[in-house]
*Asks:* 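Dropping a structure here in C-alpha cells format, bear with me for questions.
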Amino acid sequence: MTPPIVTAIVLNWCNEEATAACLQSLLNSDYSTLKLLLVDNGSPDDSFEGLRASFPEIEFLQTGQNLGYTGGNNRGIERTLRGKSEYLLILNNDIVVDPCAVSKLVDVAENSDKKIGGIVPKILYYDDPDRIWYAGGEFSPMLGLGLHWGEGTPDRSDNSEGIRDITFMTGACCLISAEALRELKGFDDDFFAYVEDAELSIRMAKAGYTMCYEPEARVLHQCPLPGTPPSPFQIRQRDRNRRRIMRKHASLRQRLPFLMRFFVTRIILLARYALMRDWERARAIVHGMGGN
C-alpha cells in the first residue's frame with residue numbers, strides 16, 4: 001500500500017540559512033510520500049528568491065506580508081487541505097529533522113486505535129543535541145502556557161521511553177491529521193505568534209482528538225539554550241496571549257489564580273528590568289499586561 005501523503009509546511013521570514021537547512025533535512029527524509037510547501041511571510045530581504053533558486057523542486061507560497069506564525073501557517077494549511085494530503089507536518093524553519101522522524105510519526109498515527117489529532121517528536125537543542133527542549137508536554141492553567149516535559153535536562157537515550165498522551169503539542173514540530181485541521185480551522189489568527197500551539201491543543205482535546213509524544217522520532221531545534229533572556233517581542237506576545245488563552249478557554253475558577261499569579265510576577269519582573277535599566281523589556285512587560 002502507498003503510504004499516506006504528508007505535506008511539510010515550513011514558514012520563512014528573513015532567515016534563508018536556517019530555512020535551507022530545514023528544507024534539506026526534509027528532502028533527506030526516508031518517507032517516500034513527503035511533499036514540501038515553503039510559505040514566505042512577505043520577507044523584505046531576498047531570502048524568498050534565494051530559497052526558490054536553491055530548491056526549485058518544492059512548492060512555494062508567498063503571503064505578501066508578515067502574517068505571523070499563525071497567519072503564515074494558516075495560509076499554508078488552507079493550500080494543503082485543497083489537495084490529497086492526509087497529514088500535515090507543521091514545523092519551525094529552525095528545525096532539522098532526522099531522516100526517519102516523519103516515518104515514525106506517521107507510523108504512530110496509522111497504527112493507533114485512538115482518534116489521533118497530532119503527534120510530536122522528541123525535540124533536542126541543535127547546539128547541544130544531548131539536551132532536551134521538548135519531550136512531551138501539558139497545558140498549565142496556572143501559567144496559561146504549555147509546559148515542556150524535560151526541558152533543559154540531559155537526554156538519556158539509554159532509558160526506554162514509550163509513546164505518551166499529551167495535552168500540549170508544541171508548534172515547533174508536530175504532525176497533525178488533515179481531518180483535525182479541517183474541523184478546527186487551523187490556528188487562531190488573533191494570536192499572531194506564541195501560545196497559539198497551546199490554544200490549538202486545547203481545541204483539539206475538546207473536539208475529542210488524542211495528542212501523543214513519540215520519543216523515537218527526533219529533531220533538532222536551532223533555538224537559544226536555557227537561560228537566554230527572552231526578547232521584548234517574546235515577552236509582549238507571550239504575556240498578551242497567555243491572558244487571551246485563559247479568557248477564551250478557562251473557567252472563572254481557573255482564571256482567578258492565573259490572574260493573581262500573572263500580575264504579581266509581571267510587577268516583580270517590571271521592577272527588576274527597571275532596576276537594570278532594561279527599558280525595552282520593561283516596556284514589553286507593560287504592553288503584555290494591557291490591551292487585548
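These figures come from a predicted structure and were not determined experimentally.
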*Asks:* If we ignore angles and hydrogens, is there a donor and acceptor under 3.5 Å between the side chains of D189 and N74?
*Replies:* yes
*Asks:* Are I268 and L143 connected in the hydrophobic side-chain network, where two residues link if heavy atoms are under 4.5 Å apart?
*Replies:* no
*Asks:* Specify the closest pair of heavy atoms between R266 and I285, including all atoms of both residues, with the distance to one decimal.
*Replies:* O-CG2, 3.5 Å
*Asks:* Mind listing the closest non-hydrogen atom pair of L91 and L89 along with its distance?
*Replies:*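 So the two residues come closest at CD2-O, 3.6 Å.
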*Asks:* For K115, does the NZ atom have more than 12 heavy-atom neighbours from other residues, nucleotides or ligands under 6.0 Å away?
*Replies:* yes
*Asks:* Atom OG1 in T63, atom CG in N12: separation rounded to 0.5 Å?
*Replies:*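 The distance works out to 10.0 Å.
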*Asks:* Can you give me the closest heavy-atom contact between Q234 and P230, atom names plus distance?
*Replies:* OE1-CA, 3.2 Å
*Asks:* Could you walk me through whether I90 and I77 pass the side-chain contact (heavy atoms from CB on, under 4.5 Å) test, one step at a time?
*Replies:* CA-CA 9 Å; I90 310 294; I77 290 168; 4.1 Å; yes
*Asks:* Where do D197 and T170 come nearest, in terms of heavy atoms and distance?
*Replies:*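 What the structure gives for the nearest pair is OD2-CA, 3.5 Å.
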*Asks:* Determine the minimum heavy-atom distance between A101 and V97, stating which atoms define it.
*Replies:* CB-CG1, 3.7 Å
*Asks:* To the nearest 0.5 angstrom, please state how far the CD atom of E151 sits from the CD1 atom of I132.
*Replies:* 10.0 Å
*Asks:* Could K114 and D165 be called an ion pair, given the rule that one side-chain N must be under 4.0 Å from one carboxylate O?
*Replies:*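 Judged by the 4.0 Å cut-off on N to carboxylate O distance, K114 and D165 do form a salt bridge.
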*Asks:* Do any N or O atoms from the side chain of R164 and from the backbone of P215 form a donor-acceptor pair under 3.5 angstrom?
*Replies:* no
*Asks:* Checking R75 side chain against V39 main chain: does a donor-acceptor pair fall under 3.5 Å?
*Replies:*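 No.
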*Asks:* How about W279 and R277: do any of their side-chain heavy atoms sit closer than 4.5 Å?
*Replies:*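 Answer yes - side chains close enough.
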*Asks:* Could you walk me through whether L105 and Y87 pass the side-chain contact (heavy atoms from CB on, under 4.5 Å) check?
*Replies:* CA-CA 10 Å; L105 293 174; Y87 297 97; over 6 Å; no
*Asks:* Does a side-chain N-to-carboxylate-O contact under 4.0 Å join E49 and R52?
*Replies:* no
*Asks:* Using 0.5 Å steps for rounding, measure from the CZ atom of R218 to the CD1 atom of I123.
*Replies:* 11.5 Å
*Asks:* Between N92 and Y69, does a side-chain contact (heavy atoms from CB on, under 4.5 Å) hold up when you go through it step by step?
*Replies:* CA-CA 9 Å; N92 285 4; Y69 177 91; 3.5 Å; yes
*Asks:* With a 4.5 Å cut-off on side-chain heavy-atom distances among I, L, V, M, F, W and Y, is there a chain of contacts connecting V96 to V6?
*Replies:* no
*Asks:* Starting from F139, can I reach V120 by hopping between I/L/V/M/F/W/Y residues whose side chains sit under 4.5 Å apart?
*Replies:*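 The answer is no; the residues belong to distinct hydrophobic clusters.
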*Asks:* Any Lys/Arg nitrogen of R242 or D239 sitting under 4.0 Å from an Asp/Glu carboxylate oxygen of the other?
*Replies:* yes
*Asks:* Please determine which of K206, K248, R247 meets the salt bridge (charged side-chain N to carboxylate O under 4.0 Å, His left out) test together with E199.
*Replies:* K248
*Asks:* If you draw the axis of the six-membered ring of Y194, does the NZ or CZ of R238 fall within 45° of it and under 6.0 Å from the ring centre?
*Replies:*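 Yes, a cation-pi geometry.
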*Asks:* Rounded at 0.5 Å granularity, tell me how far CG in L36 sits from SG in C22.
*Replies:*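 Spacing of CG (L36) from SG (C22) equals 8.0 Å.
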*Asks:* Over all heavy atoms of both residues, which pair between A207 and E183 is shortest? Give the atoms and the distance, please.
*Replies:* CB-OE2, 3.7 Å
*Asks:* So how far is it from D278 CG to L269 CG, rounded to the nearest 0.5 Å?
*Replies:* 11.0 Å
*Asks:* Do you reckon L51 sits in the same ILVMFWY cluster as I9, going by side-chain contacts under 4.5 Å, direct or chained?
*Replies:* yes
*Asks:* Hydrophobic cluster membership, with links at side-chain heavy-atom distances under 4.5 Å among I/L/V/M/F/W/Y: are I5 and L27 in one?
*Replies:* no
*Asks:* Run the numbers on Y134 and H221 for side-chain contact (heavy atoms from CB on, under 4.5 Å), then give the verdict.
*Replies:* CA-CA 10 Å; Y134 174 95; H221 192 190; over 6 Å; no
*Asks:* Is a donor on one side and an acceptor on the other found under 3.5 Å between the side chain of N28 and the backbone of Q24?
*Replies:*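 Answer holds: yes.
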*Asks:* Kindly compute the distance separating SG (C212) from CD1 (I116), expressed to the nearest 0.5 Å.
*Replies:*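 One finds 3.5 Å between SG of C212 and CD1 of I116.
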*Asks:* Knowing that exactly one of N93, L11, D94 qualifies, which makes a side-chain contact (heavy atoms from CB on, under 4.5 Å) with T19?
*Replies:* N93
*Asks:* Taking the side chain as everything from C-beta on, heavy atoms only, tell me whether E280 gets closer than 4.5 Å to Y273.
*Replies:*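 No; the side chains remain at least 4.5 Å from each other.
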*Asks:* Between E216 and K104, does at least one N-O distance fall below 4.0 Å, as a salt bridge requires?
*Replies:*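 A salt bridge links E216 with K104.
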*Asks:* For F60, does the CZ atom have more than 12 heavy-atom neighbours from other residues, nucleotides or ligands under 6.0 Å away?
*Replies:* yes
